[in-house]
Amino acid sequence: MTHRLHLNRPALIELDDGPAADPGLEAPVPDPLPGGRAMQAAGRLATRRISPLSRAAIWVFGTLLSFVVSVAAWDFVTTLLMRDSLLGWLAMILVGAAILVLLLLALREIAAIARISRIDNLRRKASMARDTADLPAARAVTTALQALYGKRADTAWGLARLTDQTPDIFDADGLLDTAERELMAPLDKAALAEIEAAARQVATVTALVPMALADVATALYSNLRMIRRLSQIYGGRSSTLGNLALLRRVFTALLGAGAIALADDLIGSFASGGILAKLSRRFGEGVVNGALTARVGLAAMEACRPLPFVVLEKPGTTATISRALSGFLARNNETV
């Protein structure tokens, strides 16, 4: 190594040791795959537990607010009755109508939750009848299914075929297999369509809307709407509390199994590193959030289905994600 230093001139340092470094030969800085932050945040929000102190505070303040509103409404009505009987009776009728609407809403929530519990019981009874080869129990399950889907047009053909074949089946497995094949096939198709639509929506919003928390809000809304539609498809009724409880149960199961986190097989089997490398970071995040939405939908599908998957093939995660996001990836690849 030689050093030449000239006064009032820049210092020149010559390095003679070893070959010159070539930046092109160095390994590129790894770009970590997107982790589906929106879906993970949605899962944490859906499964967040309320502390006992918070529950007590909600109960106390809710009761106090209800009491204040009730007393204020009573004073309002009695004051109007003293001032003007016509206005007083009108106010009383309106307050009574409001109370009636609240009662009807409460009854609807109770009926919807009871219907979800009924489907859960059907699935449990079907599994027990299959495990014990109990033909009377299997016939009871099929009778309940016929009552559940008796007024629906999309299951009319399957119900007719099941009714024709039931007298000739004398084993529990065969009866439950026939019921699943005839009744669940069209419902599974409709449920998969809803799951794929929700996955595309979450992926598109995540990729195209850069607003903070917009992807988290979209993920929560899309997953809640997807679960509501799945519950309706399989015989449940729309219920805010019931859908929230089902959403929490699904997210809790997936978080407990580690399935909501980004796993190597989820993206490795569906979208290879080459595809994600061609997309921007935001598009990659959209792919992951859409894939996780599809996984949540498949778990909700099993939770809403009155019969477990036995004869019909259980939808695969990779195939469902591929169908759901094929159009999304094709459109975005053209824009990159």
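These numbers were taken from a predicted model, which means no experiment stands behind them. Just so it is clear, the values below take in all heavy atoms, side chains as well, and ignore hydrogens, waters and symmetry mates.
- Across every non-hydrogen atom of Ala294 and Thr320, the tightest pair is CB-CG2, 4.5 Å.
- Counting only distance, with no hydrogens or angles, the side chain of Thr142 and the backbone of Arg139 share a donor-acceptor pair below 3.5 Å.
- Inspection of the Gln201 and Arg225 side chains reveals an N or O donor paired with an N or O acceptor under 3.5 Å.
- In plain terms, the two heavy atoms of Ala198 and Met226 that are nearest each other are CB-SD, 3.7 Å.
- Nearest heavy atoms, Leu145 versus Ala179: CD1-CB, 4.2 Å.
- Annotation: the span from Asn223 atom CG to Leu292 atom CG amounts to 9.5 Å, rounded to 0.5 Å.
- Taking both residues in full, the closest heavy atoms of Pro315 and Leu298 are given as CB-CD2, 3.9 Å, listed atom of the first, atom of the second, then distance.
- A distance of 13.5 Å separates OG of Ser222 from CD1 of Ile195, quoted to the nearest 0.5 Å.
- Residue pairs satisfying the side chain to side chain donor-acceptor pair (under 3.5 Å) criterion with at least one member in residues 119-136, sequence neighbours excluded, are listed as follows: Asp120-Arg123, Asp120-Arg249, Asn121-Arg124, Arg130-Asp177.
- Note that the NZ atom of Lys189 and the CG atom of Leu312 stand 13.5 Å from one another [nearest 0.5 Å].
- Here the closest heavy-atom approach between residue Thr63 and residue Trp59 is recorded as OG1-O, 2.7 Å.
- Note: Thr166 OG1 to Gln146 CD = 5.5 Å, rounded to the nearest 0.5 Å.
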When you look at Lys314 and Glu302, which way does the side chain to side chain contact (heavy atoms under 4.5 Å, CB included) test go after all the steps?
CA-CA 9 Å; Lys314 181 180 177 180; Glu302 290 188 71; 2.9 Å; yes
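- For Arg305, the salt bridge (Lys or Arg N to Asp or Glu O under 4.0 Å) partners two or more places apart in sequence, or in a different chain, are Glu180, Asp188.
- Asp154 meets the side chain to side chain donor-acceptor pair (under 3.5 Å) test with Arg152; sequence neighbours excluded.
- Remark: Phe309 CZ is packed, more than 12 non-hydrogen atoms of other residues, nucleotides or ligands lying under 6.0 Å away.
- Here the side chain of Ser66 pairs a donor or acceptor atom with the backbone of Gly62 at under 3.5 angstrom.
- Think of Ile169 as one node in a network of Ile, Leu, Val, Met, Phe, Trp and Tyr side chains linked at under 4.5 Å; its network also takes in Leu135, Leu175.
- Side-chain contact between Arg115 and Leu148 is present, with heavy atoms from C-beta onward closer than 4.5 Å.
- Separation of atoms CG (Leu53) and CD1 (Ile58) is listed at 10.0 Å; rounding is to 0.5 Å.
- Looking at Glu182 and Leu159, their side chains never come closer than 4.5 Å, going by heavy atoms from C-beta outward.
- Under the 3.5 Å distance criterion, the side-chain polar atoms of Arg323 are left unmatched by any main-chain donor or acceptor of Glu196.
- The nearest pair of heavy atoms linking Leu176 to Ala129 is CD1-CB, 4.3 Å.
- Through direct or indirect side-chain contacts shorter than 4.5 Å among Ile, Leu, Val, Met, Phe, Trp and Tyr, Trp74 is connected to no other residue.
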Please tabulate, for the side chains in residues 79-105, all donor-acceptor contacts under 3.5 angstrom to protein atoms that are two or more places apart in sequence or on a different chain.
unit_1, atom_1, unit_2, atom_2, d
Thr79, OG1, Asp75, O, 2.6
Asp84, OD1, Leu86, N, 3.0

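- In this structure, the side chain of Tyr149 engages the main chain of Tyr234 through a donor-acceptor pair within 3.5 Å.
- To the nearest 0.5 Å, atoms SG (Cys304) and CD1 (Ile233) are separated by 9.0 Å.
- Side-chain contact check for Pro186 versus Trp157: every heavy-atom pair is 4.5 Å or farther apart.
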